[in-house]
There are 2 protein chains.
Amino acid sequence: MHKKNYHHGDLKPALIQAGLDILEEEGLEGLSMRAIAARVGVSHTAPKNHFDGLHGLLSAIAAEGFRRHAAEMQKDVEDAPPGRERLDAACVGYIKFAREHGAMFRLMFSPRFNKKAEEEELATAAASSYGVLRGIAEGLNWQRPGPELSPELEAMRTELMLWVFVHGYASLVNEGQMPADPDGKPLFDVLELMPQFDYGN
Amino acid sequence: MHKKNYHHGDLKPALIQAGLDILEEEGLEGLSMRAIAARVGVSHTAPKNHFDGLHGLLSAIAAEGFRRHAAEMQKDVEDAPPGRERLDAACVGYIKFAREHGAMFRLMFSPRFNKKAEEEELATAAASSYGVLRGIAEGLNWQRPGPELSPELEAMRTELMLWVFVHGYASLVNEGQMPADPDGKPLFDVLELMPQFDYGN
DNA sequence: GCCGGAATATTTACAATGGAAACTTAATGA
DNA sequence: TCATTAAGTTTCCATTGTAAATATTCCGGC
């Protein structure tokens with residue numbers, strides 16, 4: 001191999017990593033095919049061999065984002081004692097990620113930039129992220145008047161209720177709509193805005 | 001004026017209207033400077049005299065979106081009897097808009113495409129939209145344990161809680177994350193997921 | 001009525017982007 | 001060893017937003 005690396009050898013993960021870096025440093029705007037390729041030191045059409053166009057590459061980056069989102073949340077959850085404090089930890093973890101990785105959060109939830117319907121890996125990663133909330137919602141006691149539902153539907157409803165709330169907060173913060181201090185700290189914490197749920201034991 | 005309209009005469013609103021049309025017909029992707037100008041039948045640099053680049057034009061379109069959002073919600077609210085049903089009407093109205101005008105909803109809440117911080121008109125319109133929810137939250141009785149807050153902060157907290165919830169639901173639906181029937185109808189209504197709030201009288 | 005400046009549009013040019021096509025280089029395995 | 005295939009490069013093109021120079025019309029003061 002005298003003509004050192006015509007073939008990169010490990011381009012696929014390298015491109016994803018480059019994308020993650022650019023996302024942190026320059027935000028969503030900087031995330032172009034050419035910029036990502038250039039950062040790896042490769043021609044701008046090289047990614048075509050590993051991803052289905054820009055959408056494919058962005059989807060792979062978003063998938064990695066979901067995996068990290070899930071992992072960080074999961075860690076926060078396990079560090080907290082079971083019960084209400086775990087619920088709180090999960091919510092705080094969800095928001096913390098959205099605040100610390102704003103551009104990534106936007107990418108993850110932008111159907112414009114990634115196509116969940118078309119990318120299996122992305123859908124799986126997103127589901128794993130949702131799964132953490134799901135686990136939390138299991139212990140959550142949230143009765144409401146109205147027609148009785150099957151246990152499955154009832155569980156689903158609780159999960160979704162929780163997700164709607166947490167995601168709403170994260171989105172508004174991410175979009176800069178949440179009133180905040182001059183230094184960026186929101187006036188109200190997630191937990192201060194969250195309805196009071198019953199948590200069995 | 002024999003050389004009919006070198007000057008359009010009413011270009012600014014015409015461009016905004018064209019943008020609204022494209023948004024409905026083709027979604028956010030179709031919303032380019034050139035496409036908007038072409039639809040009005042004008043050169044692609046003409047908008048420069050009326051808007052500050054693409055961002056300015058998109059911001060103006062988003063502002064119109066917020067105004068309509070506010071107006072539709074307001075109408076739904078006024079058609080409902082005061083009290084809990086108004087709360088419900090506002091929530092349903094918020095979501096209805098997000099579902100019926102998905103592309104617009106995305107534009108309105110994408111800091112990437114519009115710059116609220118830089119566009120006064122946009123910020124005002126967005127505030128008017130928030131104001132409808134604000135009015136609703138006034139009658140809402142939502143005590144929580146914890147340190148006592150000033151009436152202003154307390155009111156703010158209630159508004160935000162409501163907004164977080166409604167916006168979270170709308171966002172998830174808009175991003176296609178909400179479980180739904182084959183025909184697109186969400187499995188759970190907003191009201192089915194919403195916490196039960198006390199409404200005075 | 002006329003004229004000069006200010007608005008308003010157009011034309012032309014340019015840099016950046018994503019993608020297609022043809023080509024080159026390296027790895028692989030029969 | 002050598003054809004096949006995977007992986008990268010080059011070149012080219014259409015589309016996009018923006019800037020600069022230019023053209024056309026409008027309007028207020030005379």
Side-chain angles (χ1 to χ4, degrees), chain A residues 1-19 21-23 25-62 103 106-107 110-115 118-119, chain B residues 1-19 22-23 25-62 103 107 110-115 118-119:
Chain A
M1 56 154 90
H2 26 58
K3 187 63 171 303
K4 224 168 55 179
N5 59 349
Y6 183 104
H7 288 111
H8 180 285
D10 213 19
L11 186 53
K12 190 167 177 177
L15 287 169
I16 295 177
Q17 182 57 50
D21 293 344
I22 292 178
L23 215 39
E25 295 169 16
E26 305 174 35
L28 208 41
E29 325 281 333
L31 216 50
S32 76
M33 184 100 273
R34 292 173 115 105
I36 297 174
R39 176 178 273 252
V40 178
V42 101
S43 82
H44 79 280
T45 51
K48 207 179 191 211
N49 296 308
H50 304 278
F51 301 97
D52 181 19
L54 180 61
H55 273 138
L57 178 46
L58 294 188
S59 290
I61 296 170
R106 234 164 294 147
L107 172 62
S110 293
R112 169 161 193 180
F113 299 120
N114 66 71
K115 302 276 179 198
E118 298 167 16
E119 305 279 342
Chain B
M1 53 157 89
H2 24 59
K3 185 64 171 306
K4 224 169 56 185
N5 59 349
Y6 182 105
H7 288 111
H8 180 285
D10 214 17
L11 186 52
K12 189 167 179 177
L15 287 169
I16 295 177
Q17 183 57 50
I22 292 178
L23 215 39
E25 295 169 17
E26 306 173 36
L28 209 40
E29 326 279 335
L31 215 51
S32 76
M33 184 101 271
R34 292 172 115 106
I36 298 174
R39 175 178 274 252
V40 178
V42 101
S43 82
H44 74 282
T45 51
K48 203 175 194 217
N49 296 307
H50 304 278
F51 301 97
D52 180 19
L54 180 63
H55 273 137
L57 178 46
L58 294 189
S59 290
I61 296 170
L107 172 63
S110 293
R112 168 159 197 183
F113 298 119
N114 65 71
K115 303 275 180 199
E118 298 166 17
E119 305 280 341

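- When rounded to the nearest whole Å, the span between CG of Leu54(B) and C1' of dT15(D) equals 14 Å.
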Intermediate values then yes/no, side-chain contact (heavy atoms from CB on, under 4.5 Å), Ile36(A) and Ile61(A): CA-CA 11 Å; Ile36(A) 297 174; Ile61(A) 296 170; 4.2 Å; yes

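- dT24(D) atom P lies 19 Å from atom CG of Leu11(B), rounded to whole Å.
- Put simply, CG on Leu58(B) is 11 Å from C1' on dG17(D), counting in whole angstrom units.
- Here the closest heavy-atom approach between residue Met33(B) and residue His44(B) is recorded as CG-O, 3.6 Å.
- Checking dT9(D), dT18(D), dT8(C) against every side-chain atom of Asn49(B), the shortest atom distance belongs to dT8(C).
- Here the OG atom belonging to Ser110(B) is positioned 6.0 Å from the CG atom belonging to Leu28(B), to the nearest 0.5 angstrom.
- Counting any heavy atom pair closer than 4.0 Å across all strands shown, Ser43(B) reaches a base atom.
- For Thr45(B) and dT18(D), a side-chain-to-base donor-acceptor distance below 3.5 Å is absent, hydrogens and geometry of angles not being considered.
- The residue from Leu54(A), Leu15(A), Val40(A) that alone fulfils the side chain to side chain contact (heavy atoms under 4.5 Å, CB included) condition with Pro47(A) is Leu15(A).
- In this structure, Leu15(B) places its CG atom 13 Å from P of dG17(D), rounding to the nearest Å.
- For Lys48(A), a side-chain nitrogen or oxygen approaches OP1 or OP2 of dA20(C) to under 4.0 Å.
- We find that CD of Glu29(A) is positioned 18 Å from P of dT16(D), with the value rounded to whole Å.
- For Ser32(B), whose side chain is taken as the heavy atoms from C-beta onward, the closest listed nucleotide among dT16(D), dT8(C), dG8(D) is dT16(D).
- The nearest whole Å value for the distance from the CZ atom in Arg34(B) to the P atom in dA19(D) is 13 Å.
- Sequence order on DNA chain D of the closest nucleotides to Ala35(B) and His44(A) puts His44(A) first from the 5' end.
- Regarding contacts with the backbone of dA6(D), every side-chain N or O of His50(A) stays at 4.0 angstrom or more from both OP1 and OP2.
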